[in-house]
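One structure below.
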Amino acid sequence: RASSMNAKQWYQRRVHGKFRPDTNAPKKPQTAYFIFMSEIRVRTKQENPDASFAMLGKLMGKKWKSLTDEDKLPFREKADDARKAYNIRKADYDKSEEKHEYDTEKREWQLQQDRAKAAVANKGRKRKPRPVVRKEIEIIESSEEADESIEEESVEESETRA
C-alpha cells in the first residue's frame, strides 16, 4: 500500500475500485448559479431562520429563476473570470511533473485492475488445448527407396544447371 494514502483511502480504493482523485489538480471554478447562492445564502438564512437546508436550497433556486438576464450578468461575469483563471492554472498543471506522475500511477493501477479482472473472469475455466501443428513428413519405408529418391533429386538438379 502506498505510504501517501491513509487507511480509509486505501480501503475505499480496494473495495470500490476507483482510483484516488488528483489532489494536486486545480479545483474547478464555481458556476454563476453557485456564486449567486454563496452570496445570498446568509441573507436567506436570516430571513428564514426555521427553514431546513433543503428548503433554503429551494428558496434560493426560486430567487435565481426569478432573476432577469441583466440581473444574472454580474454573476456570469464572475463565473467567466473564474473559468479563465482556472483554464490558465489547468494548462500549467497539465505540463507539470506532478501531473505526469499522477497519470503514470493511474495507468499502472488501471493495468493492475485489468489483470485482476481477467484473472477473476478466467478462474475455474479449463484452458482450451492449443492446436497441435503437424507437418506432414514423407516416410520412406526402405533404404533402397531413399537411395533412389536422392539419386532422382540430384539428377534433376544437374539437369537444371545445364
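- Partner of T104 under the side chain to side chain contact (heavy atoms under 4.5 Å, CB included) criterion, out of E108, E101, K106: E108 alone.
- Below 30°, between 30° and 60°, or above 60°: for F75 and F36 the angle between ring planes is above 60°, a perpendicular geometry.
- For the pair Q30 and A79, the tightest heavy-atom approach, listed with the atom from each and the gap, is O-CB, 3.9 Å.
- In summary, K90 and D94 engage in a salt bridge, as defined by a charged side-chain N under 4.0 Å from a carboxylate O.
- The structure places NZ of K28 at 13.0 Å from CZ of R89, a figure rounded to the nearest 0.5 Å.
- Looking only at side-chain heavy atoms (C-beta outward), E70 and L73 stay at 4.5 Å or farther from each other.
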For a quick test of your reading: what N or O donor-acceptor pairs under 3.5 Å do the side chains of residues 46-58 make, sequence neighbours left out?
from, atom 1, to, atom 2, distance (Å)
E47, OE1, K63, NZ, 3.4
N48, ND2, T44, O, 3.2
S52, OG, M55, N, 3.2

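- Nearest heavy atom pair, residue K27 against residue Y86, reads O-CD1, 3.1 Å.
- Remark: I35 CD1 to R76 CZ distance equals 11.5 Å, nearest 0.5 Å.
- Under the 4.5 Å side-chain heavy-atom criterion for grouping Ile, Leu, Val, Met, Phe, Trp and Tyr, I88 is not connected to Y93 through any hydrophobic cluster.
- Rounding to the nearest 0.5 angstrom, the gap separating the CG atom in D92 from the CG atom in N87 is 11.0 Å.
- Nearest heavy-atom pair across M60 and M37 is CB-SD, 3.4 Å.
- For the pair E105/F19, a side-chain contact is recorded, criterion being any heavy-atom separation below 4.5 Å from C-beta on.
- Taking the six-membered ring where tryptophan is involved, the planes of Y33 and W64 are perpendicular, since the angle between them exceeds 60° and thus also 30°.
- Between K99 and D103, at least one side-chain N (NZ, or NE/NH1/NH2) sits under 4.0 Å from a carboxylate O, which counts as a salt bridge.
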Determine, stepwise, if the pair K78 / D81 fulfils side-chain contact (heavy atoms from CB on, under 4.5 Å). CA-CA 5 Å; K78 288 179 185 178; D81 293 343; 5.6 Å; no
